[in-house]
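Report on one structure; see the data block that follows.
Only heavy atoms go into these numbers, but all of them, side chains included; no hydrogens, no water, no symmetry mates. Along the sequence shown, the residues carry numbers beginning at 1.
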Amino acid sequence: MSVYILVVDDEPDVEPLFRQQFRRDLRTGRFLMEFAPSAPAALARASDVADPPLILILSDINMPGMSGLEMLPKVRANRPEVPVIMITAYGDPETRRQAIERGAVGLLTKPIDFALLRHEIDTRLGQAA
């Protein structure tokens, strides 16, 4: 079974970084990873995808237009079964509180601890199996 992870970030260097970190998983088809450059693009993609199943959304908080925190309740209303992990350069308690209150299952700070992220992804893959 192939599953899908959506990464939302307006920074152009995020996609090559994630593709490099997860190159073996992507090459073997363990999961698919798509990238959205904005919250509105992510909302459209999350509502459209049905196959393969969407198992996780990773979203930056600070983006122009709609922030990740503004997107969060919208995506949770549309896809309540899909966990969302927020990514931010500011891991302060207030940001964490806001993310959790709006429906995030976790918050990762930049620079991203890819070992921790891999553990989160492995957990979601195990739940999807």
| For Ala99 and Met86, which heavy atoms make the closest approach, and how far apart are they? | CB-CG, 4.0 Å
| note | Between Val82 and Leu54 the two heavy atoms that sit nearest each other are CG2-O, 3.6 Å
| query | Do Ser59 and Leu72 pass the side-chain contact (heavy atoms from CB on, under 4.5 Å) test, and can you show the C-alpha distance, the side-chain angles, and the key distance before you say yes or no? | reply | CA-CA 9 Å; Ser59 178; Leu72 191 50; over 6 Å; no
| request: Keeping to residues at least two apart or across chains, list the salt bridge (charged side-chain N to carboxylate O under 4.0 Å, His left out) pairs with something in residues 112-129. | output: Asp25-Arg118, Arg30-Asp122, Glu120-Arg124
| field | Euclidean distance, Leu32 CG relative to Ile5 CD1, rounded to 0.5 Å | value | 9.0 Å
| Counterpart residues, ring-ring contact (aromatic ring centres under 6.0 Å, His included), relative to Phe35 (two or more places apart) | none
| About how many Å separate OG of Ser47 and NZ of Lys74, when rounded to the nearest 0.5 Å? | 13.0 Å
| message | Before you tell me yes or no, could you show the steps for Leu107 and Ile61 under side-chain contact (heavy atoms from CB on, under 4.5 Å), namely the whole-Å CA-CA distance, both residues' side-chain angles and the distance that decides it to 0.1 Å? | response | CA-CA 10 Å; Leu107 181 83; Ile61 289 180; 3.8 Å; yes
| message | For the CZ atom of Arg102 and the CZ atom of Arg97, what is their distance to the nearest 0.5 Å? | response | 8.5 Å
| task | Only counting residues at least two apart or in another chain, list the ones meeting side-chain contact (heavy atoms from CB on, under 4.5 Å) with Ala39. | result | Met63, Met66, Met71
| query | With Asp60, which residues qualify under side chain to side chain donor-acceptor pair (under 3.5 Å), at least two apart? | reply | Lys110
| Rounded to the nearest 0.5 Å, what separation is found between the CD1 atom of Ile55 and the CD1 atom of Ile121? | 7.5 Å
| note | Residues pairing under salt bridge (charged side-chain N to carboxylate O under 4.0 Å, His left out) where one sits in residues 78-90, two or more places apart or in two chains, turn out to be Arg79-Glu81
| field | Test side chain to side chain donor-acceptor pair (under 3.5 Å) applied to Ser38 - qualifying residues, sequence neighbours left out | value | none
| field | Main-chain N/O of Gly91 paired to Thr95 side chain as donor or acceptor, under 3.5 Å | value | no
| So, does Arg27 use its side chain to make a donor-acceptor pair with the main chain of Phe22 at under 3.5 Å? | no
| Residues forming a salt bridge (Lys or Arg N to Asp or Glu O under 4.0 Å) with Glu70, sequence neighbours excluded | none
| query | To the nearest 0.5 Å, how far apart are CD1 in Ile112 and OG1 in Thr88? | reply | 10.5 Å
| said: To check you understand the geometry: which heavy-atom pair defines the closest contact between Pro53 and Ser2, and what is its length? | reply: CD-O, 3.3 Å
| field | With Gln21 via side chain to side chain donor-acceptor pair (under 3.5 Å) - residues at least two apart | value | none
| request: Please assess Asn62 against Tyr90 for the test side-chain contact (heavy atoms from CB on, under 4.5 Å), listing each intermediate value before the final yes or no. | output: CA-CA 9 Å; Asn62 293 320; Tyr90 311 102; 3.1 Å; yes
| request: For Ile87 and Asp9, run side-chain contact (heavy atoms from CB on, under 4.5 Å): C-alpha distance rounded to whole Å, both residues' side-chain angles, the deciding distance at 0.1 Å, then the answer. | output: CA-CA 9 Å; Ile87 300 171; Asp9 200 308; 5.5 Å; no
| query | Between Leu43 and Asn78, is any pair of side-chain heavy atoms under 4.5 Å apart? | reply | no
| said: I'd like to know if Val105 and Leu116 are part of one continuous hydrophobic network [Ile/Leu/Val/Met/Phe/Trp/Tyr, side-chain heavy atoms within less than 4.5 Å]. | reply: yes
| Closest contact, heavy atoms only, Leu6 versus Ala42 | CD2-O, 3.8 Å
| remark: Contacts of Glu11 meeting side chain to side chain donor-acceptor pair (under 3.5 Å) (sequence neighbours excluded), chain-then-number -> none
| query | To the nearest 0.5 Å, what is the distance between CZ (Phe18) and CE (Met33)? | reply | 6.5 Å
| Under a 4.5 Å cut-off applied to non-hydrogen side-chain atoms, are Leu58 and Leu117 in contact? | yes
| message | Other residues, nucleotides and ligands only: do more than 12 of their heavy atoms fall within 6.0 Å of CZ on Arg24? | response | no
